[in-house]
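To keep things clear, I will list the structure first and then write my remarks on it.
Below, chain A is the first sequence line, B the second, and so on; all start at residue 1.
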Amino acid sequence: MNGYVRLKVSLKSFFMTLCILLVLCLSIIKSYAAVSVVLSEHTQTYLNVVSAMEQNSDHPVQVYAISDQTQSLASSQLFIAIGARACQSVLAAIQSHQSLFCTFLPSQAYELILQTTQASLRLSQEHLSALFLDQPLERQIHLARLIQPDAEFLGTLLGPNSHHLKPHFDAYSRKHHFTPISARLSESDNPVQELTPIIEQSDVFLSLPDNALFNRSATRWSLYIALRNKVPLIGFSASYVDAGAVIGLYSTPTQIGRQTGEVLDYFMKHKHLPPPSFPNYFSLSVNRSAARTLQINLPEIDEMLDALKTSK
Amino acid sequence: MFFLDSISHTLKKGILLSLALISLKALAEDLSETALLTHIPVVTSATLMAQTLLEAPSSVTIIDRETIEASGAQHLVDILRLVPGFQAFHVSSNKFGTSYHSVNDQFPNHLEIMIDGRSVYTPLLSTVLWNSIGLLPQDIERVEVIRGSNTATLGSNAFLGSINFITRHPAMIGKTEISTTFGSLNTRQVHAKFSEQNRGVFYSLSGFYTENNGNNRFNDSSRRSALNATVEFSPSLHNQITYRIGIDTGFNDIGYLYPYHAFPETDRYIAQQDYRTFYQQLRWSSIISPALTMHFDHAYQNLKLEERTPEPYTLMKFSNINTLKDAQAFLSLNPDYKGYREDGLTQTLSTLLGFEYTPATNFRTYTGLQHRYEKTISPALLQQRRIDANSMRLFNNSSLQLTPQLNLNLGLSYEQRKTDNEAESVRLGANYAIKDNTLVRLGFSRSERLPSMLEQEVNFGINTEFGYIPFEINNTSLNSERINSWEIAALHAFTSFNAYVDNRLFYEQVTRGIVTSKTNEAHQPGKKENNAAWSNVGIETQFKWEINDRLDFLMNYTYLENKTSEWSQGIYENFPSQRLTPKHSTSILINWKPQHNWNVSFGHYQVSSAKWRKTYGTLEEQPSYTRNDLRLSRRWSGLKQSQVEISLTLQNLLGKTYQEFYQDHHFGRRVFLQMKYSLD
């Protein structure tokens with residue numbers, strides 16, 4: 001009888017162990033996916049990036065939320081981090097033989113992450129790269145020239161995270177025959193006092209993205225003062241255009257996803273990543289009402305897109 | 001062994017990750033893709049949080065400056081004809097009203113009307129006196145209308161909805177703008193606006209003078225002068241302060257334009273009502289951290305109404321008093337007698353402290369505490385008494401993005417006036433995005449409206465040689481009115497056509513509605529009671545299409561099946577199972593710019609028959625009407641960024657006179673010519 005009980009207990013233990021192993025196996029098999037995608041947030045915007053990426057790549061990926069990426073760390077060959085938080089999170093845990101491609105994040109955020117994590121000491125350039133969400137400065141300045149062919153002064157406002165762009169802003173402005181005007185705004189400054197002289201002197205005003213707080217506080221005043229001075233303002237998002245910017249230059253999640261899919265295919269073929277880049281695919285949207293108010297005749301959107309793509 | 005290594009490895013990584021995650025929040029709040037994806041606020045009236053139309057828990061209509069101009073609106077309420085479900089009416093030549101799904105009289109009291117977030121509700125009359133709020137359509141930048149109960153955010157006054165008129169920001173207007181308008185009713189109006197910026201401070205000064213003679217039959221005229229000033233500045237990047245002050249003074253003629261029992265058959269009693277409004281508002285918003293913003297709003301409003309006492313001969317003409325001696329005796333016994341009793345002083349003081357908190361990217365919440373002090377003094381309505389009341393309101397609105405497609409909104413409000421009046425409201429909304437451009441919203445709200453000060457405290461009558469005869473007495477035990485409403489809304493954007501459609505299917509049940517009731521016993525005064533109930537079921541559609549740069553199309557249609565279920569006013573007319581509000585209403589606005597400097601707009605309005613209430617019972621049915629408006633404008637640009645615009649507005653173009661509200665108030669063809677000069 002004792003033998004029967006022992007056998008029953010042994011069998012029970014055996015099945016329990018088997019079940020645990022089975023679960024672990026499934027977990028390990030899942031983590032063996034060659035490419036893991038880690039999302040900063042499980043929201044529609046990020047899923048749109050994933051969806052466009054999958055449509056433009058032949059390679060399957062496993063998608064994880066930032067909170068459950070531990071499952072993927074052991075054996076993934078390539079991580080695609082969508083968003084700044086995902087990028088920073090994966091970079092903190094990744095091993096030197098693995099690769100990380102950060103996408104859908106601002107270039108400033110990527111630079112900050114590299115500085116804070118000292119990632120370049122652990123990962124070579126071939127194993128770490130990025131696709132930025134923001135647009136290259138020259139493309140934005142080129143757009144300013146396209147909407148105002150005769151303009152002389154190009155203005156912008158620089159915040160705590162964008163002030164280092166000033167030499168580039170000046171150089172590209174001159175390249176496109178503008179006289180650059182800029183000011184730096186800190187948190188203790190009165191934004192109207194800083195913005196007004198810049199916008200009053202400008203023929204076109206370029207709004208550059210900075211951190212979220214800066215954007216939220218400065219954007220509204222930029223729009224008001226630009227509209228009051230009848231100066232066309234170039235925004236960096238579709239909602240900026242909805243709020244009153246004459247034109248906006250930006251990449252949609254779908255466009256970023258498409259290029260990310262292409263990078264994935266490139267990696268699978270060449271086993272290394274291309275250098276960090278700004279988006280190749282981008283959109284323009286126009287606020288016709290604001291253009292009418294400012295009495296600006298804008299070229300057709302397709303014409304401007306072609307011109308910007310040609311100069312890439 | 002391999003598995004154990006793997007588990008151990010994974011656990012180690014997990015610990016590392018959790019440490020890393022702590023530092024992630026700092027980055028996420030400071031610098032991430034959200035900085036580029038941040039939505040610039042679209043509407044704030046629904047929850048006081050900046051939301052897009054797709055995130056809001058209610059149906060929202062926004063009317064922008066261009067649409068306001070194209071509509072040719074001469075009065076603020078006229079703009080609301082372009083909102084689905086809204087009824088805008090001229091009670092008489094210079095008295096206006098608007099309602100939404102309400103069975104109202106000439107004092108609509110179920111909507112919160114705000115100017116830049118400041119309530120302009122008048123506790124004395126339990127309504128809004130549109131001709132005393134110091135603004136013309138020229139002052140308005142846009143209008144945010146919440147269609148559906150908004151008590152969870154704004155308190156009792158927003159029982160059936162709310163309207164926020166947002167004035168033109170000092171930065172959004174040219175340095176100087178002067179306009180003059182002449183036209184029907186012998187309207188003469190001049191409006192001026194000036195704005196400047198100095199040392200980082202924006203300020204504007206605007207004012208107007210307007211007068212008209214009213215209609216030919218009653219000469220119910222008006223003369224008004226108003227002055228408003230706004231100062232706005234940001235002492236630092238994350239602090240914004242706005243201060244507004246204004247005064248509106250003059251007179252409006254008021255009167256019942258229907259066969260009231262004491263009036264001669266063809267004549268109506270018109271009384272001059274002098275008024276003076278003074279207001280101040282201070283707003284301060286401070287971004288304390290990336291996740292926390294504080295809002296402070298303090299507003300003061302003072303309105304003095306002085307209805308002229310009738311002369312003895314006038315009293316004889318419009319009452320049952322037959323001799324001059326009796327009329328003089330009556331007036332000596334009732335020195336403060338006012339024919340319509342719209343007389344008195346009212347003050348409102350409101351202080352709101354709110355915190356907008358975003359602890360996670362998918363969760364936002366706004367918690368506010370509001371104190372409101374109301375004071376009224378009215379010999380005519382309240383028997384000389386000074387009545388005041390303090391009320392407190394605690395409310396919270398939260399928005400949770402549960403899944404990529406599903407956004408949930410919860411609103412809660414608790415309001416208390418004195419100790420025995422309480423109102424609780426809850427609103428739930430689930431917004432489900434079927435596609436990027438298609439959204440379905442399910443909503444439920446259960447809202448309560450505290451009885452107004454007037455409804456509770458009204459107390460008037462007349463002194464006679466035999467003593468005091470009360471006509472209406474107070475009822476301090478009134479309960480809150482209540483509404484349960486359910487809605488299914490669908491929004492779809494035709495992205496390739498620059499068009500969107502917004503449909504709302506609703507069912508609303510109002511109970512414990514407050515009406516005046518009078519028993520059959522002799523000489524018993526009337527009293528407000530919770531004796532009314534009605535329901536609304538229907539659908540509203542709004543379709544907006546920007547066909548091209550030169551042509552815009554806006555259409556609204558409402559089908560409203562309104563039915564009173566319980567309605568008891570004692571010996572007077574009771575009307576259960578009746579429809580009072582218009583069943584169909586349609587508005588269309590086409591705005592066309594054939595050439596750069598030309599603008600042609602055409603408005604079409606169709607409203608089916610309605611029965612408006614009076615104190616007891618209803619007025620004679622307002623027949624259905626159709627009205628067409630046309631506006632033509634031409635601009636000339638001059639030197640030094642100056643501009644001149646001349647516009648001609650024809651209202652009720654085809655000229656078929658129709659009844660608006662009172663049966664003797666007829667709206668014929670009206671023509672207005674406006675000249676505007678602006679300097680940037």
Could you tell me which portion of B:S637 (side chain, backbone, both or neither) has an atom closer than 4.5 angstrom to a non-hydrogen atom of chain A?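 Contact with chain A is through the side chain of B:S637 alone.
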Pick one of side chain, backbone, both or neither for B:H238, based on which atoms fall under 4.5 Å of a heavy atom in chain A.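 Looking at B:H238, backbone and side chain both touch chain A.
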Where the side chain of A:R228 meets the backbone of B:P170, is there a donor-acceptor pair that is under 3.5 Å apart?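 It does hold such a pair.
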Sub-3.5 Å donor-acceptor pair from the side chain of A:N190 to the main-chain atoms of B:S234, do we have one?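 Answer holds: yes.
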For chain B, which candidate among A:E194, A:K230, A:R220 shows the most heavy-atom pairs at distances under 4.5 Å?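 Between A:E194, A:K230, A:R220, the count favours A:R220.
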Proximal component of [X], with respect to chain B [non-hydrogen, under 4.5 Å]:
X      : result
A:T116 : neither
A:N48  : side chain
A:L185 : side chain

Rounded to the nearest 0.5 Å, what separation is found between the CZ atom of B:F202 and the OG1 atom of A:T196?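 One finds 5.5 Å between CZ of B:F202 and OG1 of A:T196.
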Does some side-chain heavy atom of B:L237 sit less than 4.5 Å from a side-chain heavy atom of A:W221?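 No, every pair of side-chain atoms sits at 4.5 Å or beyond.
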Do B:D552 and A:R288 make a side-chain contact, defined as non-hydrogen atoms from C-beta onward lying under 4.5 Å apart?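 Side-chain contact under 4.5 Å: no.
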Can you confirm whether B:N548 is buried at CG, in the sense that more than 12 heavy atoms of other residues, nucleotides or ligands lie under 6.0 Å from that atom?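 Count over threshold, so yes.
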Are there over 12 heavy-atom neighbours, none belonging to A:H42, within less than 6.0 Å of that residue's NE2?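 Atom NE2 in A:H42 is not crowded, with 12 or fewer foreign heavy atoms closer than 6.0 Å.
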Ion pair B:E356/A:R216, N-O distance below 4.0 Å: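 Result for this pair is no, no salt bridge flagged.
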Parallel, tilted or perpendicular: ring planes of B:H169 versus A:Y224, cut at 30 and 60 degrees: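 The arrangement is parallel - the two ring planes meet at less than 30°.
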Go through [options] and name the one with the most non-hydrogen pairs under 4.5 angstrom from chain A.
options                : answer
B:E66, B:Q405, B:Q240  : B:Q240
B:S285, B:G200, B:S195 : B:G200
B:E546, B:K175, B:K593 : B:K593

